[in-house]
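Have a look at the structure below, then the notes.
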There are 2 protein chains.
Amino acid sequence: MSLTDGPYGGPAQPDVIDPSGGANQTRVRAYNERLVMSLVRRHGSLSKADIARRSGLSAQTVSVIMRALEADGLLIRGAPVRGRVGQPSIPMRLNPDAVFSFGVKIGRRSADLVLMDFVGTIRLHLHQIHTYPLPDDLVTFIVEGIGKLEQQLTPDQRGRIAGVGVATPFELWNWAEEVGAPRQEMDKWRDFDLQAAIAARIPHPVFLQNDGTSACGAELAFGVGASYPDFVYFYIGSFIGGGVVINSALFSGRTGTAGAVGPLPVAGKDGRSTQLLKIASVFVLEKLLRERGIDPEPLWYSADDWIDFGEPLETWIQDSAAALAQAVVSAVSIIDFSAAVIDGGFPSWVRSRLLAATRKALKTLDLQGVTVPDLVEGAVGSHARAIGGASLPLFSRYLLDTNVLFKELS
Amino acid sequence: MSLTDGPYGGPAQPDVIDPSGGANQTRVRAYNERLVMSLVRRHGSLSKADIARRSGLSAQTVSVIMRALEADGLLIRGAPVRGRVGQPSIPMRLNPDAVFSFGVKIGRRSADLVLMDFVGTIRLHLHQIHTYPLPDDLVTFIVEGIGKLEQQLTPDQRGRIAGVGVATPFELWNWAEEVGAPRQEMDKWRDFDLQAAIAARIPHPVFLQNDGTSACGAELAFGVGASYPDFVYFYIGSFIGGGVVINSALFSGRTGTAGAVGPLPVAGKDGRSTQLLKIASVFVLEKLLRERGIDPEPLWYSADDWIDFGEPLETWIQDSAAALAQAVVSAVSIIDFSAAVIDGGFPSWVRSRLLAATRKALKTLDLQGVTVPDLVEGAVGSHARAIGGASLPLFSRYLLDTNVLFKELS
DNA sequence: GGATAATAATTCAATTTGATTTATTTATTG
DNA sequence: CAATAAATAAATCAAATTGAATTATTATCC
């Protein structure tokens with residue numbers, strides 16, 4: 001193409017892809033309400049004047065919005081703060097009892113159902129162990145579990161349920177071998193619409209998201225999200241998964257698989273290129289233990305109570321750390337994340353050792369031109385997936401989301 | 001009309017970790033104006049009714065906005081389209097003469113200055129060859145060049161200049177060796193504020209952005225951006241660089257280095273892990289040619305007129321393709337881009353061969369769990385960096401940018 | 001120690017902006 | 001002439017902003 005050629009017309013694609021729709025006042029209000037709540041959430045408690053300063057909105061606007069939120073029971077006022085010149089400020093904070101939501105985590109060996117309040121505290125919890133996950137069993141567990149838990153709520157509390165969020169690995173049928181399940185059993189997931197199956201049997205809205213992305217959402221809403229406006233997130237479960245936060249918003253991507261991280265190519269111990277998930281996953285540790293003649297069952301009793309397996313655990317930590325360090329470099333070469341957050345289905349002492357090893361491994365890599373991010377431990381912990389599932393209804397209705405401003409286009 | 005200025009290019013970044021500010025009506029209007037223009041840009045020409053349907057805004061709102069844009073000379077009406085029932089529709093399109101902007105590309109061997117119109121056509125062009133880039137020389141070239149080019153414009157045209165955008169590699173001082181310049185000469189870039197130096201000597205706003213990100217912006221505004229709402233972009237110049245588009249917006253990241261891509265770890269021919277830029281850069285080809293006793297000078301005469309160097313070129317293409325394929329897999333493991341766009345400072349026949357080789361290389365990789373993106377050739381071509389530079393002022397004032405909706409927080 | 005000034009938080013009332021709704025006009029085809 | 005679609009005018013509505021007032025403090029002067 002010569003210099004003076006006309007417009008650089010790409011393939012003129014008709015109709016298909018258009019940017020988001022227009023914005024209008026109603027949406028502006030909805031957005032500003034979420035902004036106010038997000039600021040309160042982030043800082044614990046803030047006065048109206050604080051919010052006005054932080055949001056750049058006028059004091060009057062903030063006053064009107066916050067009175068409405070208080071009237072709705074979403075915010076509650078604290079004791080006036082005296083000691084400074086001027087009228088005392090009234091700190092407002094989230095009402096923990098304002099909204100409840102159910103979160104479901106579907107795992108290789110177990111499923112969890114939690115009832116979470118508005119500030120991320122798990123109020124009620126059900127746990128089910130299975131040899132491998134099956135659609136019908138899970139629907140039964142979820143629907144009956146929700147029934148059971150709802151019985152423990154007052155009618156008022158039941159009226160404040162925002163919905164159900166399911167955190168699940170995608171394309172379960174691809175993992176029959178690793179899960180240790182017969183292929184034809186796992187194939188049952190292929191044409192099964194879990195979201196629809198649940199929605200048909202309960203009155204609440206149902207949300208479904210990849211388990212890694214969900215856990216990442218939990219970290220955004222209740223963990224390090226307050227400190228970092230963007231980060232890449234790794235959750236090490238039976239399989240590693242992850243998520244991406246950009247501009248303080250969960251970015252799930254066009255296909256919902258943003259932050260998959262599992263397929264990231266990394267160099268293994270032998271120098272050969274492998275997928276990250278084949279190194280930094282708990283099923284690898286399990287295999288390692290079996291090879292050493294050690295019973296891996298303690299891994300599944302409780303994510304928070306592993307025993308120290310000694311050498312094989314240390315080996316797995318070192319290998320995983322080396323792989324994670326490369327994954328972090330890859331990630332920040334695409335997006336200059338300010339932090340990389342690592343969490344997983346293991347006790348905090350394992351997490352600490354893994355983080356330390358990863359920080360060390362990072363230093364051995366070629367960092368020319370790399371903006372090295374903070375490496376931080378997840379603040380949410382092993383239940384991040386279930387909490388993340390439960391936070392999906394909150395994201396949909398209460399958490400900051402720029403898309404709120406735009407019209408939905410068919 | 002009020003199109004609020006956005007913060008593009010400038011590295012001025014608030015270190016506040018709060019989400020973006022509140023939204024209000026004025027900003028909504030500014031956003032909707034940009035939305036209308038982006039839709040027109042994307043589709044070439046659209047009637048008011050078309051825009052209303054596509055944006056979801058009411059017909060009346062679109063009517064008001066578009067009349068204002070027409071009155072400002074940004075849109076011009078085409079011939080009424082008859083042949084269908086009802087009043088004929090009047091297609092509106094961008095006025096190519098509505099806005100001009102200067103774009104500067106700083107390269108290892110040369111610098112370019114272009115004057116671009118509103119639809120991405122280069123109207124005027126200056127080119128300078130240097131052995132290596134130096135701050136003072138470049139400022140002189142840019143300032144005097146702008147003076148020269150402005151003399152060729154009418155007073156009216158001069159009044160429509162939106163600004164100057166500079167596309168430059170970051171941290172030039174790190175590349176003294178590869179550039180073949182004395183270290184102390186390149187060190188002059190360390191404390192030199194190019195943006196400020198230019199801004200002090202010309203009356204237009206000056207924007208500065210990484211060259212890869214700039215080229216990516218050109219592709220978004222004038223190339224495949226119309227077909228893909230998100231993509232990762234690779235520009236292969238002396239050094240490879242790139243950029244990231246998310247939600248039809250250029251994402252430059254917190255530090256402005258999003259889409260750096262150069263430091264991506266990939267496995268080289270020997271299986272060892274190397275940075276992408278050490279394989280898929282033109283300086284590697286240059287070295288290869290020298291090793292073969294071939295004069296590499298033809299590489300620098302004109303990016304659009306390479307001669308076919310035969311075997312060494314083919315080797316370089318194969319190696320680069322293998323590395324690029326891995327880079328693409330890494331990228332989509334972080335963000336599920338719908339496309340990976342590859343362009344560079346070479347003729348289109350080289351680009352075609354590179355793309356074909358990359359597609360082939362991609363098939364040899366482990367794609368389990370990977371959402372494979374479309375691999376597409378850049379539509380803008382070798383001048384993408386200069387055009388991208390020139391598009392920076394347009395992004396700041398006229399192109400779609402959700403940040404327009406939010407208040408700037410100190 | 002009491003009176004007064006300064007300050008900051010909050011809110012009320014009026015204003016402004018801009019999108020939406022409703023109704024009307026215009027230009028075309030069948 | 002009926003039907004249809006595009007375009008626009010006028011009225012309406014929602015929500016943010018502006019400016020002024022109110023309130024509850026602390027600071028300071030005498």
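What you are looking at is a predicted structure, and each value in this text was computed from that prediction instead of being measured. Note on naming: letters A, B, ... go to the chains in the order of the sequence lines (proteins, then strands), and numbering restarts at 1 for each one.
Each of Val64(A) and Gly86(A) has a nearest nucleotide on DNA chain C; the 5'-most of these lies closest to Gly86(A). Closest-nucleotide positions on DNA chain D for Ala49(B) and Arg84(A) were compared, and the one nearer the 5' end corresponds to Ala49(B). For Gln60(B) and Val85(A), each mapped to the nucleotide of DNA chain D holding its nearest heavy atom, the one lying further toward the 5' end belongs to Gln60(B).
At dA9(C), none of the side-chain N or O atoms of Ser89(A) fall inside 4.0 Å of OP1 or OP2 (strictly under the cut-off). Close to dA9(D), at under 4.0 Å from its OP1 or OP2, lies a side-chain N or O of Arg67(B). A sub-4.0 Å separation between OP1 or OP2 of dA6(D) and a side-chain N or O of Arg53(B) is present. Taking only side-chain nitrogens and oxygens, Ser63(B) comes nearer than 4.0 Å to OP1 or OP2 of dT8(D). Note on Lys48(A): a side-chain N or O is less than 4.0 Å away from OP1 or OP2 of dT11(C). One finds a side-chain N or O of Asn32(A) lying less than 4.0 angstrom from the OP1 or OP2 phosphate oxygen of dA16(D). Put simply, Arg29(A) has no side-chain N or O that comes within less than 4.0 Å of OP1 or OP2 on dA14(D).
Looking only at distances, a side-chain donor or acceptor of Gln157(A) sits under 3.5 Å from a matching main-chain atom of Thr154(A).
Here the nucleotide nearest the side chain of Gln87(B), chosen from dA7(D), dA19(C), dT26(C), is dT26(C).
Residue Ile65(A) contributes atom CD1, which lies 12 Å from atom C1' of dA14(D) at whole-angstrom precision. Taking atom OH of residue Tyr31(B) and atom C1' of nucleotide dA16(D), one finds them 20 Å apart after rounding to whole Å. The distance between atom CG of Leu57(B) and atom C1' of dT21(C), rounded to the nearest whole Å, is 14 Å. Note: CG (Asp50(A)) to C1' (dA8(C)) measures 11 Å, nearest angstrom. Atom CZ of Arg77(B) is separated from atom P of dA7(D) by 9 Å (rounded to the nearest Å). What separates CE of Met66(A) from P of dT10(C) is a distance of 8 Å, to the nearest Å. In this structure, Leu46(A) atom CG and dT10(C) atom P are separated by 11 Å, rounded to whole Å.
Other residues, nucleotides and ligands contribute at most 12 non-hydrogen atoms within 6.0 Å of the CZ atom of Arg93(A).
Across all strands shown, Thr61(B) has heavy atoms under 4.0 Å from base atoms, whether or not it also approaches the sugar-phosphate.
Two rings, from Tyr398(A) and Phe118(A), have their centers less than 6.0 Å apart.
Side-chain N/O atoms of Arg34(A) and Ser38(A) include no donor and acceptor closer than 3.5 Å.
Here the shortest heavy-atom pairing between Ser55(B) and Leu35(B) reads CB-CD2, 3.9 Å.
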